Protein chains: 2
Amino acid sequence: MTRSMQRVAEAVASDPAACAALTVTGLAELTGTSEATVVRTARLLGYPGYRDLRLALAGLAAHQQSGRAPAVTADIAVDDPLPDVVAKLAYDEQQTLADTAAGLDMVQLSAAVGALAGARRTDVYGVGASGLVAQDLTQKLLRIGLIAQAHSDPHLAVTNAVQLRAKDVAVAITHSGSTGDVIEPLRVAFDHGATTIAITGRPDGPVSQYADLVLTTSTARESELRPAAMSSRTSQLLVVDCLFIGVAQRTYESAAPALSASYEALAHRHRSGGPSR
Amino acid sequence: MTRSMQRVAEAVASDPAACAALTVTGLAELTGTSEATVVRTARLLGYPGYRDLRLALAGLAAHQQSGRAPAVTADIAVDDPLPDVVAKLAYDEQQTLADTAAGLDMVQLSAAVGALAGARRTDVYGVGASGLVAQDLTQKLLRIGLIAQAHSDPHLAVTNAVQLRAKDVAVAITHSGSTGDVIEPLRVAFDHGATTIAITGRPDGPVSQYADLVLTTSTARESELRPAAMSSRTSQLLVVDCLFIGVAQRTYESAAPALSASYEALAHRHRSGGPSR
DNA sequence: GATGAGGTGAAGGAAATTTTCGCGCGAAGG
DNA sequence: CCTTCGCGCGAAAATTTCCTTCACCTCATC
């Protein structure tokens, strides 16, 4: 890519919306080049001509705008009106989901699914906010007929971890990657030959030391009003959901009946007075 | 708007993407009209000319497409490869978040925030998957120095609900809106004069009967492999987050120190060996 | 310093868009 | 029933925008 072309490409990249409003001549003037160069650049970018680049730009601009609009300012302030808070939160969590999905290592995930699907039993460790995620994973696994248990009590967790052996799986969930109460039972499980999985936002943290498989969650920025627990939870839950679906797929034969069985069992707990289901 | 113009407008409305790819002449031919009519229609729609309408159309198309693209097929199938599962899940949850944010009644939310911020104590009821959300809300409220408790045991919940009175708040979380185990304690709380809040996907369900305030979560479609619990949880958590931030804002004076205090207290639970924080 | 291989822009040609203008259809009035 | 008028409509001209060609200029290489 030549110098003039770079200038054009730069202008296009830096402000697609503005460029979409410009004609070839306009963009050429803006970048101090000629119309020919603009067209050449468009070609280089993979479009048949400037017209199409312009259309694509309009689309891109619409995208960005839609993405930005709710995040007027990225951070939530103390004096934000409630509608803004809702919009920002929703946007942030969406972003977190996208980041997490993009950053997930499919190989590790696949291996983790395989381990869980074939496990004799599974222990899940998590304390604090991650404890809820641990429970969520456990609930899900139980629903498809697997044997799983969540531990938030570090002592009991270690006591149980001692029982694990090969073919068993231990999962540690910690955002910081350095929560001692979670690392300890994972270490014990690791030492006893179980397959160990870490779900953490810091794949380079101490927890990974004892993890055969590491699933990375997104480490979105936090702010005073928005502690890390919030976005890490969203991210962790997505990973858990992925694990669950993956395992359910692999064990479909047994998972499907188990799912409907648990569903049936709950039906009578819902008052008949309400709208069906 | 004249007949020919209607035809053009219709074509544009029914398939923006296709029209964006068309030239004036093309669109005129497609709609069986003339170029002049197309331009006139564009003017009528508020654009200076067809060129600008087309750009707008491209933007619109990009929007729509972005909504669709990742959802290659909306449902997760048993034989979906893992990367697809991840993408679909992330997309679905993002969609759920957007729906929830869009559907939240700000008046109700604002009132709920006010009630929570001024509550003497808060009880939260939830069983099953919603139980985790209830715990999440409780954890958050506790972190900013409020008195809150989650109940998943229906008997204990009712026993506790009896203690509630005016100025107290009871929150029921149920996706179906008809979970007896959650409705019952809410009813008791309601009868004792507490402010009752329901977080449910069925605002017309029985639970709303005893709720002063109803916060509606999104009721995304579920599928065999993706039980309702999954998307309802995402939605519920967003509502909880909104409540939390709202309350934290209103009680900022006391919430801020409480937040940092709880943070400090946890610091030593993280091994120093890892990367900081 | 000569030579050649691109990068670059000016100008002309093609295609798009916009405007103009007149035709024809239907409604209202004689 | 006929005339007249208004107006929607489209063909074609006018204009703008976009694309192509070609000649010039720059810079690296020998």
Side-chain angles (χ1 to χ4, degrees), chain A residues 1-69, chain B residues 1-70 72:
Chain A
M1 183 176 276
T2 71
R3 202 143 2 102
S4 312
M5 282 173 156
Q6 273 182 340
R7 276 215 302 286
V8 175
E10 214 167 288
V12 164
S14 74
D15 194 350
C19 293
L22 254 53
T23 171
V24 205
T25 320
L27 186 53
E29 263 180 40
L30 179 75
T31 56
T33 67
S34 70
E35 300 162 27
T37 302
V38 172
V39 174
R40 272 193 286 264
T41 310
R43 293 262 162 74
L44 197 73
L45 294 175
Y47 300 92
Y50 176 69
R51 196 185 306 280
D52 296 79
L53 167 65
R54 199 175 164 185
L55 281 177
L57 241 45
L60 200 93
H63 246 258
Q64 293 199 342
Q65 201 181 18
S66 80
R68 259 182 231 152
Chain B
M1 183 175 274
T2 71
R3 203 141 5 100
S4 312
M5 281 172 155
Q6 272 182 341
R7 275 216 302 286
V8 176
E10 214 167 290
V12 165
S14 74
D15 193 349
C19 293
L22 253 53
T23 169
V24 203
T25 320
L27 185 53
E29 262 179 40
L30 179 75
T31 57
T33 66
S34 70
E35 300 158 25
T37 303
V38 172
V39 173
R40 272 192 286 266
T41 310
R43 294 260 162 76
L44 197 74
L45 294 175
Y47 299 93
Y50 176 69
R51 196 186 306 279
D52 297 78
L53 168 64
R54 198 175 166 187
L55 283 176
L57 241 45
L60 202 93
H63 248 256
Q64 294 196 344
Q65 201 182 18
S66 82
R68 263 178 231 151
V72 197

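The shown structure was predicted, so the numbers you read here are calculated from the model rather than taken from an experiment. No hydrogens, no waters, no symmetry mates; every other heavy atom, side chains included, goes into these values.
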Roughly how far, to the nearest 0.5 Å, is CG of A/Leu27 from CG of A/Leu53?
8.0 Å

Produce the list of close N/O pairs, under 3.5 Å, pairing protein atoms with atoms of nucleotides 9-13 of chain C; give distances to one decimal.
residue	atom	partner	partner atom	Å
C/dG9	OP2	A/Ser34	N	3.3
C/dG9	OP2	A/Thr37	OG1	3.1
C/dG9	N7	A/Arg40	NH2	3.2

Roughly how far, to the nearest 0.5 Å, is CD of A/Glu29 from OG of A/Ser34?
11.5 Å

Any side-chain heavy-atom pair from B/Arg54 and A/Arg51 closer than 4.5 angstrom?
yes

How long is the line joining CD of A/Gln6 and C1' of C/dG6, in whole Å?
15 Å

Expressed in angstrom and rounded to an integer, what is the separation of B/Leu27 atom CG from C/dT18 atom P?
12 Å

For chain B and DNA chain D, what are the first and last nucleotides along the strand, 5' to 3', with at least one atom under 4.0 angstrom from a heavy atom of the protein chain?
D/dG8 to D/dT17

Distance in Å, A/Tyr47 OH paired with A/Thr41 OG1, rounded so as to fall on 0.5 Å steps:
12.5 Å

Phosphate-side-chain proximity, A/Thr2 and C/dT8, N/O vs OP1/OP2 below 4.0 Å:
yes

Can you find a side-chain donor-acceptor pair between B/Ser4 and B/Thr2 that sits under 3.5 Å?
no

Donor-acceptor check, side chain of B/Arg43 to backbone of B/Pro48, threshold 3.5 angstrom: yes or no?
yes

Under 3.5 Å, is there a donor-acceptor pair between the side chain of A/Arg40 and the main chain of A/Met5?
no

For DNA chain C, find the residues of residues 46-56 of chain B with a heavy-atom distance under 4.0 Å and give them by number; none if there aren't any.
B/Gly49, B/Tyr50, B/Arg51, B/Arg54

Going by side chain to side chain contact (heavy atoms under 4.5 Å, CB included), B/Leu30 matches just one of B/Leu22, B/Thr25, B/Val38. Which one?
B/Leu22

Tell me, yes or no, whether the heavy-atom count around B/Gln6 atom CD, taken from other residues, nucleotides or ligands under 6.0 Å, exceeds 12.
yes

To the nearest 0.5 Å, what is the distance between CG on B/Leu45 and CG on B/Leu57?
9.5 Å

